[in-house]
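Encoded as structure tokens, the structure appears first; notes follow it.
We count residues from 1, following the sequence as given.
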Amino acid sequence: MPCILLLLVGNSSGPHSFWLGTPAFAQTSEMEEMEASMREGEPGEDAAPIPTTQTGSDPSVIWRMVEPDFSNLSTELARLAAPPTVAPQPLRTGPVLLNESHVAFRYGNLPLAEELFFAHLALGGDAAAEDLDAIQFSPLLRRPTWHLRWGMALGVSGDTDVTDFHPVLDDGEHGDGQHGDGGPDRQSRDEQDAMNEQFEDEPEFMEDEFSDESRFDGPMNERDRPAPTTQTAPPARTTDPKIEMRLSELTGIVGHTLTQGMQSRFESGKLGSAFQQIKEDPADEGFTVGGEVVNAGDMPMWVPGIVYLGEGNVREMSQKAIEEKLEFLLFVAVNLKRFRNDDVENICRVKVVDCKSGKTLIASGAVDNREIARLTGRPQTLVDKQLESFWKIIDSRTGLTPLPTLTPEIARRRITQLMEDASVSTLRKLAEIQALHRKGWLTDAEREESFQILLGKTGIQILYAPTRDAVPILRNLARQAIQRPSDS
């Protein structure tokens, strides 16, 4: 029986628009011009008839016109029939953008994790209600926040050509051993070498495209599960252990104490609540953001939630912290002095810098390795006592409090101030607008106007478009927010 091909040409019944509580989305001028050109091209009464090909009833003519290519059919069928080498990505549950924020954090990309978290808040709705309500207030910074942005840097001065820094070490209770020369024992160095080899042997993973399983903010059904992939999940590493090794090499148990102290403050929520609930290896979050494997950020994390800026003097590191839009910098200064008998004096001081003003907020006393050696008592106990007041001042000066109750007038002034602050990302602004609206301090119209001022029609789409359409927009905004000029 002969095959018959029918070419159906449809015409739109006209432009459509929808009302969202704001001026309707009008048809663009490009669309009008396109329709006009289509109407001009339609044949009229005087137009010449379109020539047709007389095929008769012979199907071979149509076959020659189509000329299908089956050369790759066997290869494609074999590929589809082959079993997958690894299981597909896990079935994600919960808010997509929040899950992706957790993925970015677990893979050491704090800037992307922050922006995706703000994107989750900017989307609003019931899925973000708990996180919106978790907003706190920084009395020192005088602004609401979900996460204080901390950085850490090292500075080495004096006789910097020494190779054995003679830091203060413990008395053996933690297995380090106390040595007369103040240097690390052989066991400690072997452990560090083993850790270095472990991370150097890890395979490199290139970015790869996956099916976008995150097109809506909720659990996926079986139909939406991405196709199996041959790429295994790269190992998640939130912090870079080489930073802790360098800190320990220079400062001994002083660095260990600082690490434990700041990590405990992150875990207890003293640095904010944004990333407190992240699990180390969840089974339902995968390892991609928008279908792409997450790469570590340009600034690795020293402890969870605190990035490492590198080594330099305090002025250089403070300037770098300002450029990275950090709020506080913990600066560890190490001064070295070598004597004729090759003994080394190692004096550590720690300070916290307010990155907005550039002023030192807190400065610890000096921890001198030679003085610690002369004192009676465990070195760890002596260091803890030396830093005790330092921790108290950190908690009192940089601590967070519940968000105070605002009047609508104060909330509007806050939004005006927020709009003009170039150091705050657009998604961070949208997140705070949503939080103040949820508190009842901004009206629907004020929230809508704020979104529109910041992003135009895109802001209105985020508020009113279906979630599956808003999520990719917000994800792209998060990626754009962390792009550097050299990347664009």
Side-chain angles (χ1 to χ4, degrees), residues 16-31 95-101 104 111-129 131-132 135 143-147 149 212 214-217 274 289-290 292 325 408 411-485 487-488:
H16 298 273
S17 61
F18 54 93
W19 181 256
L20 300 175
T22 61
F25 290 101
Q27 176 175 294
T28 63
S29 59
E30 290 84 354
M31 294 174 61
V96 169
L97 293 170
L98 181 62
N99 282 352
E100 293 186 344
S101 171
L112 180 59
E114 290 174 341
E115 291 300 322
L116 286 169
F117 178 74
F118 296 143
H120 158 66
L121 298 177
L123 186 61
D126 293 340
D131 294 308
L132 286 170
I135 189 171
R143 63 171 174 260
T145 188
W146 286 272
H147 171 67
R149 303 197 68 198
D212 188 355
S214 309
R215 294 292 296 176
F216 60 97
D217 204 48
V289 170
E292 296 181 1
K325 299 180 181 180
R412 286 192 294 270
R413 287 205 303 265
R414 167 59 187 165
I415 295 303
T416 301
Q417 178 189 31
L418 192 64
M419 297 280 195
E420 298 172 351
D421 192 344
S423 67
V424 180
S425 73
T426 299
L427 287 174
R428 170 67 179 79
K429 295 175 182 179
L430 297 180
E432 188 170 330
I433 291 167
Q434 286 281 32
L436 299 185
H437 173 266
R438 178 170 169 78
K439 296 284 188 182
W441 302 329
L442 293 178
T443 65
D444 291 348
E446 289 168 337
R447 177 184 64 167
E448 183 179 295
E449 181 182 5
S450 299
F451 270 58
Q452 191 167 25
I453 290 173
L454 287 170
L455 289 173
K457 290 183 179 180
T458 301
I460 302 301
Q461 283 181 293
I462 291 171
L463 280 177
Y464 298 113
T467 302
R468 65 184 302 124
D469 296 329
V471 165
I473 295 172
L474 289 163
R475 184 188 295 121
N476 287 336
L477 288 172
R479 285 172 171 159
Q480 293 168 13
I482 65 169
Q483 258 191 340
R484 298 178 182 274
D487 299 333
S488 57

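Atoms CG and CG, from L477 and L116 in turn, are 10.5 Å apart once rounded to the nearest 0.5 Å. Atom CG of L454 and atom CD of E449 lie 10.5 Å apart (nearest 0.5 Å). Here Q480 contributes atom CD and T426 contributes atom OG1; the two are 9.5 Å apart, rounded to the nearest 0.5 Å. A distance of 10.0 Å separates CD of Q434 from CG of L442, quoted to the nearest 0.5 Å.
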Is there a side-chain contact (heavy atoms from CB on, under 4.5 Å) between L430 and F451 once you walk through the steps? CA-CA 7 Å; L430 297 180; F451 270 58; 3.9 Å; yes

Start with the C-alpha gap between E448 and T443, add the side-chain angles, then the distance that decides, and say whether side-chain contact (heavy atoms from CB on, under 4.5 Å) holds. CA-CA 9 Å; E448 183 179 295; T443 65; over 6 Å; no

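Judged as a salt bridge (charged side-chain N to carboxylate O under 4.0 Å, His left out), the pairs with a partner in residues 418-432 (not counting sequence neighbours) are, in order, R414-E432, R428-E432. Listed by first and then second residue, the salt bridge (charged side-chain N to carboxylate O under 4.0 Å, His left out) pairs that reach into residues 112-128 are E114-R149, sequence neighbours excluded.
Heavy atoms only, all atoms of each residue included: L474 and A119 are closest at CD1-O, 3.6 Å. Residues I462 and L123 share a closest heavy-atom pair of O-CD1, 4.3 Å. The minimum heavy-atom distance between I433 and S450, with the atom names listed, is CD1-CB, 3.6 Å. Counting all heavy atoms, side chain and backbone alike, D131 lies closest to W146 at O-NE1, 2.8 Å. Annotation for A435 and L132: closest pair N-CD2, 3.9 Å, computed over non-hydrogen atoms. Here the closest heavy-atom approach between residue V289 and residue R479 is recorded as O-NH2, 2.6 Å.
Taking the side chain as every heavy atom from C-beta outward, K325 and V424 never approach each other to under 4.5 Å.
Here R143 pairs with E327 under the side-chain hydrogen bond (donor to acceptor under 3.5 Å, both in side chains) rule; sequence neighbours left out. Not counting sequence neighbours, the partners of R438 by the side-chain hydrogen bond (donor to acceptor under 3.5 Å, both in side chains) test are D133. Scanning for side chain to side chain contact (heavy atoms under 4.5 Å, CB included) contacts around P408 gives R412, with sequence neighbours left out. With sequence neighbours excluded, the residues satisfying ring pair (Phe, Tyr, Trp, His ring centres under 6.0 Å) with H147 are F275.
Within 6.0 Å of the CD atom in E446, the count of heavy atoms belonging to other residues, nucleotides or ligands exceeds 12.
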